[in-house]
Amino acid sequence: MDQWKNFSKGFFKENAVFVLLLGLCPTLGVTTSAVNGLGMGLATTFVLLMSNIVVSLIKKFIPDKVRIPSYIVIIASFVTIVELVMQAYVPDLFAALGIFIPLIVVNCLVLGRAEAFASKNNVFTAAVDGLGMGLGFSMALTVLGAVREILGSGSIFGWKFLPGDGMIVFVLAPGAFLVLGYLIVIVNKINKKEA
Amino acid sequence: MAKKESTFTNMVLTLFLVTLIASTALALVYEVTKGPIAEAKRIKKMNAISEVVPEFDNDPGSEMKKLGLDKDTLYFYHARMGDELSGIAVESFTNLGFSGLVRIMVGFLPDGSIHDISVLEHAETPGLGDKIIKSKSFDKNTGLSWSSQFKGKNPEHFILKVKKDDGEVDAITAATITSRAFCDAVQRAYNGLLVLGSEADDDK
C-alpha cells in the first residue's frame with residue numbers, strides 16, 4: 001500500500017465532503033466561521049484516527065454479527081472523550097460547536113472508514129487513512145467556513161476587515177448549501193485535470 | 001482474515017468486554033476533566049457577573065440565591081465591595097424570543113436601577129435580533145449599543161415595554177419580537193429582585 005497515496009487521497013481524490021459527500025450535517029451546520037470549521041474538523045480527525053487504530057487492532061476478535069455495535073461503542077467513547085476534553089480546556093470553542101460535537105458519532109465518515117477500511121487493513125495503514133481523511137475533512141470545513149465568514153461577516157478567523165454586516169445569507173443555512181455546491185464544482189474540476 | 005465465530009457466547013463476551021473497557025476509559029477521562037470543567041464554568045459565570053455590576057471583591061457565585069419562577073429559575077448573585085453591596089446580578093430568561101429561549105444577565109444597583117445587561121444565550125436571527133448583543137449593535141461614533149438605553153433606568157418608573165406597546169424602549173428595527181422578548185426578560189429579573197427583597201425583609 002502506497003502510504004503517501006493512502007494519506008493524500010483524503011484531500012482531493014477522495015475528499016469526504018467534496019467527493020464522497022459524507023458528514024454533510026456538521027459540515028453545513030458548523031461552518032459559520034473558519035475557526036468553527038477548523039475546530040470541528042480537528043475533533044473529527046482525532047476520533048477518526050483513534051477509532052481506526054482501535055478497530056484495526058481488535059478486528060480479529062470481534063465476531064462478524066456484532067461488529068457494527070462494537071464499532072459504534074468505540075467511536076462514541078472517543079467522541080465523549082473529545083467532548084469532555086474540549087469542555088475542560090477550550091470552553092468557548094465547545095460552546096460554539098454545541099450539539100455538533102456529540103453528532104460526530106453519527107458522522108457517516110467515521111463509521112464508514114471503520115467498516116470499509118480499518119476492519120480490513122493493518123493498524124499503520126488504517127491510522128494513515130484515518131489521519132488523511134480527517135485532515136482532508138478539516139481542510140474542507142475550514143475552507144467552507146472561511147468563505148462563509150468572509151462573505152457573511154466580513155471577517156476571517158475573527159479578524160474583521162470589513163465594517164458592518166456582510167451578506168447574512170451566507171451565515172444561514174441556504175448560504176451553506178450554495179457555497180458547498182460551488183466548492184464541489186471546483187474540486188471536481190481539479191480532480192478531472194489531474195486524472 | 002479469520003474472524004471469530006459469531007456464536008452466542010462469543011458475541012455476548014465481545015460486547016461485554018468492549019463496553020467494559022469503554023466505560024472504564026470514559027470514567028477515567030471524566031474524573032480527570034471534572035475539575036477543569038467546573039473551573040471553566042466558574043470563570044465564565046464570574047466574567048458574566050463582572051460585565052454587569054460595578055467593582056466587587058467577593059465571590060458572587062458562592063452566594064448564589066435561587067428563585068423558581070415560570071417553570072424555570074432565576075439566579076441572584078450579590079456582588080460586594082468589602083461590606084457594601086455593589087450590585088446584584090440577576091440571571092434571567094425569556095421564552096418569547098423569535099427563536100425561543102433568550103438568557104440574559106442584568107446588573108442592578110442597590111437602589112434598583114439597571115447598571116448594565118449582557119446576553120448569555122440566544123438563537124435570534126443574525127443581523128436582526130442578534131443586535132441585543134452589544135458587539136452587534138455597537139456604534140463607533142457614539143460608543144453605545146442597543147442595550148445601552150437600559151443603563152441607569154429604574155424599572156420602578158421606567159416602563160419596560162417597546163414604544164409600540166406604550167412603553168419607553170426603542171425596539172430594534174425589524175426585530176420587534178426580539179426586542180419585546182428582551183424587555184420581558186429584564187422585567188422578569190426586576191420582578192424576581194422585588195420578591196427576593198421582600199423575602200429578605202420577611203426574614204429580618
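Residue numbers start from 1 in every chain, and the chains themselves are labelled A, B, ... in the order their sequence lines are given, proteins ahead of strands. Model, not experiment: these values are computed from the prediction.
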Undergrad: Return the minimal non-hydrogen interatomic distance between B:Ala22 and A:Val73, and the atom names on each side.
TA: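 The pair with the smallest heavy-atom distance is CB-CG1, 3.8 Å.
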Undergrad: Is B:Thr14 in contact with chain A via its backbone, its side chain, both, or neither, using a 4.5 Å heavy-atom distance?
TA: side chain
Undergrad: Which atoms of A:Ile168 are under 4.5 Å from chain B, going by heavy atoms: the side chain, the backbone, both sets, or neither?
TA: side chain
Undergrad: Is chain B contacted by the side chain of A:Tyr89, its backbone, both, or neither, given a heavy-atom distance below 4.5 Å?
TA: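 For A:Tyr89, the contact with chain B is made by the side chain alone.
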Undergrad: CD1 of B:Ile21 to CD1 of A:Ile58: how many Å apart, nearest 0.5 Å?
TA: 7.5 Å
Undergrad: Find out whether A:Pro63 and B:Thr7 are in side-chain contact, i.e. whether some heavy atom of one side chain is under 4.5 Å from a heavy atom of the other.
TA: no
Undergrad: Can you tell me how far apart CG (B:Leu15) and NZ (A:Lys65) are? Round to the nearest 0.5 Å.
TA: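 The distance works out to 13.0 Å.
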Undergrad: About how many Å separate CD of A:Glu83 and CD1 of B:Ile37, when rounded to the nearest 0.5 Å?
TA: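 Going from the CD1 atom of B:Ile37 to the CD atom of A:Glu83 covers 8.5 Å.
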Undergrad: So with a 6.0 Å cut-off around NZ of A:Lys160, is the heavy-atom count from everything else above 12?
TA: yes
Undergrad: Can you tell me if CD1 on A:Ile99 sees more than 12 non-hydrogen neighbours from other groups inside 6.0 Å?
TA: no
Undergrad: Could you have a look at A:Ser70, A:Ala76, A:Gly166 and say which one has the most heavy-atom pairs with chain B under 4.5 angstrom?
TA: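 Top count of heavy-atom pairs under 4.5 Å with chain B: A:Ser70.
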Undergrad: Within the supplied structure, the quantity of interest is the number of heavy atoms (other residues, nucleotides, ligands) at a distance under 6.0 Å from B:Phe98 CZ; does it exceed 12?
TA: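 Open: at most 12 neighbouring heavy atoms sit under 6.0 Å from CZ of B:Phe98.
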Undergrad: Working to the nearest 0.5 Å, report the span between CE of B:Met11 and CG of A:Asp64.
TA: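 One gets 10.0 Å once the value is rounded to the nearest 0.5 Å.
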Undergrad: Relative to chain A, which segment of B:Phe138 carries a heavy atom at a distance below 4.5 Å: side chain, backbone, both, or neither?
TA: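 Neither part.
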Undergrad: What part of B:Lys41 gets within 4.5 angstrom of chain A, counting heavy atoms only: side chain, backbone, both, or neither?
TA: side chain
Undergrad: Of A:Leu84, A:Ile81, A:Thr80, which meets side-chain contact (heavy atoms from CB on, under 4.5 Å) against B:Tyr30?
TA: A:Leu84
Undergrad: Are more than 12 heavy atoms from other residues, nucleotides or ligands located less than 6.0 Å from atom NZ of B:Lys161?
TA: no
Undergrad: What's the spacing between A:Ser153 OG and B:Lys136 NZ if we round to 0.5 Å?
TA: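 Rounded to the nearest 0.5 Å, the OG-NZ separation comes out at 6.5 Å.
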Undergrad: More than 12 foreign heavy atoms under 6.0 Å from CZ of B:Phe8: is that the case here?
TA: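 At most 12 heavy atoms, drawn from other residues, nucleotides or ligands, come within 6.0 Å of this atom.
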Undergrad: To the nearest 0.5 angstrom, please state how far the CZ atom of A:Phe78 sits from the CG atom of B:Leu26.
TA: 9.5 Å
